[in-house]
Novice: 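Submitted below is the structure of interest, expressed as structure tokens.
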Amino acid sequence: MNSKLNAGEPHPSDDPATNGITLATTQKLWLSIALATTLFVIVAHGQTQGSDIDPKLSVVVGFSFVPGLLDSIVAMWAILIVSILLILNAAVMREHAHRSGPTWYERYPFRLWDASPSTGLGRKAQFLAYVFFSILPLFALGHFWRVFLGEGKLCTEVKDKWDPLAAGANDFFRFPADATFGHIFGDYYRLAGEVVGPDACKDATTFFPFVQPVVMLLLSVFALFVTVRALSLVWRGK
């Protein structure tokens with residue numbers, strides 16, 4: 001039935017390669033990146049929430065954070081990795097949208113087996129995929145920023161031991177008072193988490209204040225920009 005309704009629509013496998021890639025390959029590439037993004041988001045989100053979804057899902061994903069890793073450190077890596085994956089996702093999505101049409105259902109690169117993206121089950125699948133693969137990762141990125149800024153703290157080396165900074169501990173977007181070039185790009189500052197007391201800096205990791213948060217912010221803003229731009233192209237067409 002679907003083949004009759006879409007008799008004039010070329011099959012992706014018949015699409016000539018553009019820039020060395022066919023439309024069908026574009027769909028597979030996008031789905032691979034989208035699945036990697038979503039699964040990573042689930043693993044990282046579960047880790048920051050103390051959920052046992054991480055060890056269960058890590059068997060499928062083949063990836064897991066170190067048990068007991070501080071939430072702020074998980075959030076830091078999640079911001080960097082999710083931002084990069086969203087940028088790649090958006091690039092492939094735009095390529096597909098430019099070569100598909102005329103409805104947003106067809107321009108969105110998700111495909112459910114042989115179901116037409118413009119009718120029945122295919123339309124429902126497109127909408128669910130749109131929410132699951134394109135909207136939820138953006139909310140997750142916001143969650144990771146909230147954890148990073150809310151729970152993270154800077155530690156510095158004082159007399160051969162690591163202690164939280166007395167002032168500006170959560171202000172990552174300015175240089176510490178004692179910052180020098182060697183301090184910023186050496187192992188002089190570390191990122192710790194919500195732990196308090198003498199063990200506050202025990203499991204901290206090397207961190208570059210001001211520089212690293214700015215890079216993270218620029219990546220996140222760019223990821224948001226290109227994702228919104230790609231989704232806009234999906235909705236409005238060329």
Side-chain angles (χ1 to χ4, degrees), residues 26-51 53-54 57-58 60-61 63-65 69-98 100 103-112 117 122-152 170 172-173 191 193 212-238:
T26 302
Q27 294 166 2
K28 295 174 184 176
L29 178 60
W30 175 87
L31 184 59
S32 298
I33 299 173
L35 284 172
T37 304
T38 303
L39 290 174
F40 179 84
V41 162
I42 294 173
V43 169
H45 188 277
Q47 183 86 2
T48 61
Q49 298 300 302
S51 170
I53 194 173
D54 180 17
L57 189 58
S58 63
V60 179
V61 180
F63 169 84
S64 178
F65 289 100
L69 189 64
L70 297 173
D71 291 348
S72 58
I73 298 176
V74 174
M76 177 194 72
W77 284 111
I79 290 169
L80 290 168
I81 294 173
V82 171
S83 295
I84 293 171
L85 288 173
L86 284 174
I87 291 169
L88 295 175
N89 182 292
V92 180
M93 191 189 307
R94 281 183 59 83
E95 174 69 19
H96 184 274
H98 273 302
S100 303
T103 67
W104 83 265
Y105 297 106
E106 294 166 315
R107 289 191 291 268
Y108 194 68
F110 179 77
R111 292 296 182 269
L112 182 65
R123 297 183 65 169
K124 295 182 177 66
Q126 295 302 89
F127 179 78
L128 291 176
Y130 179 86
V131 173
F132 194 70
F133 291 127
S134 296
I135 302 301
L136 290 184
L138 295 178
F139 278 97
L141 188 60
H143 164 76
F144 296 134
W145 269 107
R146 181 186 63 80
V147 173
F148 172 71
L149 295 175
E151 298 186 11
N170 292 319
F172 296 115
F173 294 96
L191 175 67
Q212 192 165 342
V214 167
V215 171
M216 292 164 60
L217 181 62
L218 290 177
L219 271 176
S220 294
V221 170
F222 185 63
L224 178 62
F225 171 75
V226 296
T227 298
V228 171
R229 189 181 179 194
L231 291 175
S232 176
L233 179 62
V234 167
W235 279 101
R236 295 187 304 172
K238 301 178 183 179

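Along the sequence shown, the residues carry numbers beginning at 1. Atom set for the values below is all heavy atoms of this structure, side chains included, hydrogens, waters and symmetry mates excluded.
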Novice: Does the side chain of Val82 reach to within under 4.5 Å of the side chain of Val41, using non-hydrogen atoms?
Specialist: yes
Novice: Taking the side chain as every heavy atom from C-beta outward, state whether Pro137 and Leu86 have any atom pair closer than 4.5 Å.
Specialist: yes
Novice: Are any of the side-chain heavy atoms of Phe133 and Leu35 separated by less than 4.5 Å?
Specialist: yes
Novice: Go through it in stages, so that I can follow the logic: the residues are Tyr130 and Trp235, the test is ring-ring contact (aromatic ring centres under 6.0 Å, His included), and I'd like the CA-CA distance, side-chain angles, deciding distance and then a yes or no.
Specialist: CA-CA 11 Å; Tyr130 179 86; Trp235 279 101; 5.7 Å; yes
Novice: Nearest heavy-atom pair of Met93 and Ala230: which atoms, and what distance?
Specialist: SD-CB, 3.9 Å
Novice: Could you walk me through whether Tyr108 and Phe127 satisfy the side chain to side chain contact (heavy atoms under 4.5 Å, CB included) test, starting with their C-alpha distance in whole Å, then the side-chain angles of each, then the deciding distance to 0.1 Å, before giving a yes or no?
Specialist: CA-CA 9 Å; Tyr108 194 68; Phe127 179 78; over 6 Å; no
Novice: Using the rule side-chain contact (heavy atoms from CB on, under 4.5 Å), only one of Leu233, Leu231, Asn89 pairs with Arg94; which is it?
Specialist: Leu233
Novice: Show the nearest heavy-atom pair for residues Ser72 and Gly193, with the distance to one decimal.
Specialist: OG-CA, 3.3 Å
Novice: Between the side chain of Arg111 and the main-chain N/O of Glu106, is any donor-acceptor distance below 3.5 Å?
Specialist: yes
Novice: Which value, rounded to the nearest 0.5 Å, describes the distance between Ile73 atom CD1 and Phe148 atom CZ?
Specialist: 10.5 Å
Novice: Please report the interatomic distance CZ(Phe40) to CD1(Ile81), rounded to the nearest 0.5 Å.
Specialist: 3.5 Å
Novice: Mark yes or no for whether Gln47, through its side chain, and Asp71, through its backbone, hold a donor-acceptor pair below 3.5 Å.
Specialist: no
Novice: Rounded to the nearest 0.5 Å, what separates atom CG in Leu80 from atom CD in Gln212?
Specialist: 6.5 Å
Novice: Identify every side-chain donor-acceptor pair in residues 220-227 under 3.5 Å, counting partners at least two apart or on other chains, and give the distances.
Specialist:
residue: Ser220; atom: OG; partner: Ser83; partner atom: OG; Å: 3.2
residue: Ser220; atom: OG; partner: Trp145; partner atom: NE1; Å: 2.9
residue: Ser220; atom: OG; partner: Met216; partner atom: O; Å: 3.1
residue: Thr227; atom: OG1; partner: Ala223; partner atom: O; Å: 2.7

Novice: Roughly how far apart are Phe110 CZ and Gln27 CD, rounded to 0.5 Å?
Specialist: 10.5 Å
Novice: OG of Ser134 to CH2 of Trp30: how many Å apart, nearest 0.5 Å?
Specialist: 5.5 Å
Novice: Within this structure, what is the CD-OH distance for the pair Gln126 and Tyr105, rounded to the nearest 0.5 Å?
Specialist: 9.0 Å
Novice: Under a 3.5 Å distance rule, please check whether Thr37 uses its side chain to pair with a backbone N or O of Ile33 as donor and acceptor.
Specialist: yes
Novice: Backbone N or O of Ala97 within a donor-acceptor pair of the Arg107 side chain at under 3.5 Å?
Specialist: no
Novice: Should Phe173 and Leu149 count as side-chain neighbours, where that means a heavy-atom distance under 4.5 Å?
Specialist: yes
Novice: Evaluate the side chain to side chain contact (heavy atoms under 4.5 Å, CB included) criterion for residues Leu219 and Ile87: first the C-alpha distance (whole Å), next the side-chain angles of each, then the deciding distance (0.1 Å), finally the verdict.
Specialist: CA-CA 9 Å; Leu219 271 176; Ile87 291 169; 4.0 Å; yes
